[in-house]
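First the structure, in the form of structure tokens, and then the observations on it.
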Amino acid sequence: MSLMQELHTRITEIVVSEFGNPEAKAPDFDLPPEAAMGHLSMPCFPLAKTCRRAPRQIAARIAELLVDDPRVASAEAAGPYLNLRLRPADWFAEVLPSRLKGDAGEGLLPDEERRHVVVEFSCPNTNKPQHLGHVRNNVLGQSLARLLAAVGHRVTKVNLINDRGIHICKSMLAWQRWGEGETPQSSGLKGDHLVGRYYVLFAKKLAEEEQAWRAANGYGEKGTPEEEQRRSAAFEQASGLLADTRAMLVRWEKEDPEIRSLWSTMNGWVFAGFDETYRRMGVTFDKVYYESNTYLLGRDLVEDGLARGIFERHESGAVQCPLPELKLDPKVLLRSDGTTIYMTQDLGTAVERHREIPFDEMIYVVGSEQEHHFKVLFTILGKLGHAWAEKLYHLSYGMVNLTTGKMKSREGLVVDADDLLDELHSSCLRVMNESERRSDFEESKKAEVAAALADGALKYYVLKVNPRLDMLYDPQKSIELTGDTGPYLQYALARIRSLVRKSGLDPAACGDFGALGEAEEIELLKLLAFWPRQVLLAAEQRNPARLAGRIYDLARAFSSFFSAHSVFDRVEDPALAQQRVALAAAVGATLEQGLELLGIATPERI
RNA sequence: GCGCCCGUAGCUCAACCGGAUAGAGCAACGGCCUUCUAAGCCGUAGGUUGAAGGUUCGAGUCCUUCCGGGCGCGCCA
């Protein structure tokens, strides 16, 4: 048990014995708002009711009884708050070795709370390259998976690629019609970018067709909203391009060899492109599924539900699920022509997934615009009698908006993931080339470091924002490399590594910490002591942004310490140098763990 | 119309599920490299937390109403 835990237990004992309240449990320790107040604080308000005593009296009494505790250097009541100071040497001796070894400590869940968690994320379409929205998804999913694993869960990362459907046929049709046999090789384009180009081209040709159609029908002027809606619907019926696309989908479903061949060729290009982007971002999966293999799942499930009276047949012939508990209209699960829809597939996929991987919990990392869909999905699975439906969770994240407005992939108004990484890469290179300190870097080394920094800049930019919120992407700000950024964190870590290396001292060889005690050192100690709990909280709340903030706090505290004090150079007392190196190394190990949990690269030198 | 989410410094975001004086970065201004990495550090300035009520020892956080914004409510995916 850690010192903090011991003291917490001790305080609970005091509360029980002093105030005769067997139910009471001391509130969690907090950091006092001012360092001068002490190391730990505890508000005593929550105890007031059950102890039937004023908070300040409780704080005072606990302080009184703790003064003689050998683990405590000082204990005082500041009004209703209890402020404690530990003996720094003892606290350092406990925390530093533990952080150096990367012990999870309180950050590790007890065996009975560990689960097998499936995290499904990324799930791209094969009709376009990945953009910033996908980046947010990838980076969130990857980080969440690592966080959950870090606190003791077993995690399976899963990707379900949307590789079929009418939208895929659009890029296929455009390539077939206007591509003139262009390939990634002939064009020098990454496969996903090439296909994306034809998806955009399709949208352009369709818009032209619609314009011509409107002109021919005398719809030059914009009508009322109702009229416009009718016209759009009429155009959808009249469009030759759309009709051809639908025909292509039918041929695809009939496994027409020509269409299937075109499909696998173009998908192959996209997969190769995706692989490169994933590799670049350090995103990996334990299992990859393809919708072309799973899209038929679910029909039997619906038929079965119909037979069991859970679903009903509408007079049109469609099968639907009534949803009075959500106060919603019935959700159609099979169209009147018997075909399946998105929801049907998701139902089938979930059931199949649980059969294959008997998870305790599954997290879908999907944009917030699908909250309604998942609410309905989980409800229907529950109605079908799957107890695990309660263990499904939609990690809903907000949209990434641009300073110029919304992203629209059909119109090519997106920030492309690869382009953005390239831009960040050259920005990092430029800074390195301008720096005299880095004049001895080899060119290949520079490129390697720039890649790592670009990785950190992008991921941290995305991860530091609470997933739930929409975020704004500002191209100017995102290539900033100073201040609250990924490179700042990576830089702090690289400095520590260099420092420890140059000191020639073994951080682990340090047994005594009596020389430490400067304000900046204590600040670091507190952050390190709370670290395992922060990891646990971030995992519990499924919020990497929480951890990102704590990593930044730690890096900033170290930078302050580093500016204020010499670690070993010109430090007279060898014991002090040794202890400061151990402190630096412990911070380094923690930063390293934190960055790893965010999926951010940690270059040795910067 | 109904449902969900958001509104904090000029801008982008924090605030450890209700705790002490709401914090960072960027932008602005002023300092700090013959010493362990200046992608750094220190300082100045910047706020009626959209508005009004309420709940309580205590509210940016919870409740109500209003204002403003986003996203949904397909036999599309």
Side-chain angles (χ1 to χ4, degrees), chain A residues 27-28 30-34 37 41 43 45-46 48 54-55 78-81 83 125 162 165-167 291 314 316-320 326-329 331-337 339-343 345-346 367-373 375-376 396 398-399 401 403 406 428 431-432 435 437-438 453 461 464-466 468-474 476-478 480-485 487-488 490-492 494-503 530 533-534 537-538 540-541 545-546 548-550 552-553 556 559-564 566-571 577 580-581 584 605-606:
Chain A
D28 285 339
D30 221 332
L31 290 175
E34 295 286 337
M37 294 174 177
S41 80
F45 301 103
Y81 292 89
N83 289 333
N125 293 332
N162 184 323
I166 196 80
H167 50 300
E291 235 182 76
H314 186 254
S316 67
V319 177
Q320 58 187 25
L326 296 182
K327 291 184 181 151
L328 289 172
D329 289 337
K331 174 67 192 173
V332 170
L333 300 174
L334 286 178
R335 297 189 185 97
S336 40
D337 65 6
T339 55
T340 61
I341 61 172
Y342 181 41
M343 184 63 79
Q345 293 172 39
D346 265 10
S368 59
E369 68 275 9
Q370 295 205 39
E371 268 171 25
H372 180 258
H373 171 78
K375 197 155 103 183
V376 172
S396 158
M399 314 214 308
N401 295 317
T403 40
K406 274 192 210 312
C428 294
V431 173
M432 255 186 282
S435 158
R437 282 168 208 273
R438 292 160 183 85
L453 290 173
Y461 183 83
K464 72 173 173 173
V465 181
N466 187 329
R468 189 181 48 239
L469 304 177
D470 286 355
M471 60 175 285
L472 189 73
Y473 171 79
D474 183 331
Q476 308 288 304
K477 296 234 170 77
S478 77
E480 282 293 331
L481 305 171
T482 61
D484 186 8
T485 65
Y488 173 87
Q490 294 168 307
Y491 178 69
R495 283 206 295 190
I496 290 172
R497 283 174 171 167
S498 157
L499 188 65
V500 173
R501 203 168 39 232
K502 285 184 180 167
S503 77
F530 274 83
R533 197 167 100 186
Q534 301 295 0
L537 275 171
E540 228 169 51
Q541 297 172 15
R546 165 141 299 159
R550 303 295 77 74
Y552 178 64
D553 290 344
R556 208 154 53 90
S559 293
S560 291
F561 161 72
F562 189 61
S563 303
S566 211
V567 174
F568 64 85
D569 191 42
R570 306 209 306 189
V571 171
R580 282 188 172 161
V581 167
R605 281 190 64 189
I606 289 176

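Below, read A as the first sequence line, B as the second, and so on, with proteins coming before strands; counting in each chain starts at 1. Hydrogens, waters and symmetry mates are skipped; everything else that's a heavy atom, side chains included, is used. Quick caveat, the model's predicted, so the values are computed rather than measured.
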Can you check the distance between [N] and [M], where both ends of the measurement are the [atom1] atom (answer in whole Å)?
N     : M     : atom1 : result
B:U55 : B:C73 : C1'   : 33 Å
B:G10 : B:A45 : P     : 16 Å
B:G74 : B:G19 : C1'   : 47 Å
B:C16 : B:G7  : P     : 13 Å
B:C6  : B:C63 : P     : 10 Å
B:A27 : B:G23 : P     : 22 Å
B:A59 : B:U48 : C1'   : 14 Å
B:C5  : B:G43 : C1'   : 40 Å

Using a 4.5 Å cut-off on heavy atoms from C-beta on, say whether the side chain of [Y] contacts that of [X].
X        : Y        : answer
A:Asn125 : A:His167 : yes
A:His373 : A:Met343 : yes
A:Ser435 : A:Met432 : no
A:Met399 : A:Leu469 : no
A:Gln490 : A:Leu453 : yes
A:Asp30  : A:Tyr81  : no
A:His372 : A:Val376 : yes

When we call it a touch if two heavy atoms are under 4.0 Å apart, what does [X] touch: a base, just sugar-phosphate, or nothing?
X        : value
A:Leu453 : base
A:Pro55  : nothing
A:Ile606 : base
A:His314 : base
A:Asn162 : sugar-phosphate
A:Arg605 : base
A:Glu369 : sugar-phosphate
A:Ala48  : nothing
A:Tyr488 : sugar-phosphate
A:Ser435 : nothing
A:Ser559 : sugar-phosphate

Indicate whether OP1 or OP2 belonging to [N] is found under 4.0 Å from a side-chain N or O atom of [X].
X        : N     : answer
A:Arg437 : B:G40 : no
A:Arg335 : B:C76 : yes
A:Lys375 : B:G72 : no
A:Tyr491 : B:A39 : yes

Choose from [options] the nucleotide whose nearest atom is closest to any side-chain atom of [X].
X        : options             : value
A:Gln541 : B:C4, B:A14, B:C17  : B:C17
A:Phe562 : B:C75, B:A38, B:A39 : B:A38
A:Ser563 : B:A77, B:U37, B:G40 : B:G40
A:Pro33  : B:A20, B:C36, B:C17 : B:A20

On the side chain of [X], is there an atom forming a donor-acceptor pair with the base of [N] - under 3.5 Å, no angle test?
X        : N     : result
A:Arg570 : B:U35 : yes
A:Ser368 : B:C5  : no
A:Ser566 : B:C36 : yes
A:Arg438 : B:A39 : yes
A:Asn83  : B:A20 : yes
A:Asp28  : B:C16 : no

Identified pairing partner of [N], criterion: Watson-Crick or G-U wobble below 3.5 Å:
N     : answer
B:G1  : B:C73
B:C16 : none
B:G47 : none
B:C26 : B:G10
B:C32 : B:G40
B:U64 : B:A52
B:U21 : none

Stacking check [X] vs [N] (5.5 Å / 30 deg):
X        : N     : result
A:Tyr552 : B:A24 : no
A:Phe45  : B:C57 : yes
A:Tyr81  : B:A20 : yes

I'd like to know if the side chain of [X] and the backbone of [Y] have a donor-acceptor N/O pair within less than 3.5 Å.
X        : Y        : answer
A:Arg438 : A:Ile606 : yes
A:Lys464 : A:Asp484 : yes
A:Ser563 : A:Ser559 : yes
A:Ser566 : A:Phe568 : no

Query - Verdict with supporting geometry, A:Thr339 and A:Arg335, side chain to side chain donor-acceptor pair (under 3.5 Å) - result: CA-CA 5 Å; A:Thr339 55; A:Arg335 297 189 185 97; 2.8 Å; yes
Query raised in the report: Out of curiosity, A:Asn401 CG to A:Met471 CE, how far, rounded to the nearest 0.5 Å?
Result: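 Going from CG on A:Asn401 over to CE on A:Met471, the span is 9.5 Å.
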Report task. Show your reasoning for whether side chain to side chain donor-acceptor pair (under 3.5 Å) applies to A:Tyr488 and A:Glu480. Result -> CA-CA 10 Å; A:Tyr488 173 87; A:Glu480 282 293 331; over 6 Å; no
All N/O pairs under 3.5 Å across the protein-nucleotides 11-13 of chain B interface:
{"residue": "B:C11", "atom": "O2'", "partner": "A:Lys477", "partner atom": "NZ", "Å": "3.3"}
{"residue": "B:C13", "atom": "OP1", "partner": "A:Leu472", "partner atom": "N", "Å": "2.8"}

Requested in this report: Let me know, please, whether A:Thr485 or A:Arg501 comes out on the 5' side of the other along RNA chain B by nearest nucleotide.
Outcome: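 Nearer the 5' end of the strand: A:Thr485.
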Report task. Please tell me which of A:Glu34 and A:Phe530 maps to the more 5' nucleotide of RNA chain B, matching each residue to the nucleotide holding its nearest heavy atom. Result ->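 Its nearest nucleotide lies further toward 5', so the answer is A:Phe530.
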Report task. Have a look at B:C42 and give me syn or anti from its glycosidic angle (syn if within 90° of zero). Result ->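 Base orientation: anti.
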Might you list the N or O atoms of the protein lying below 3.5 Å from N or O atoms in nucleotides 42-50 of chain B, with each pair's distance?
{"residue": "B:C42", "atom": "OP1", "partner": "A:Ser560", "partner atom": "OG", "Å": "2.6"}

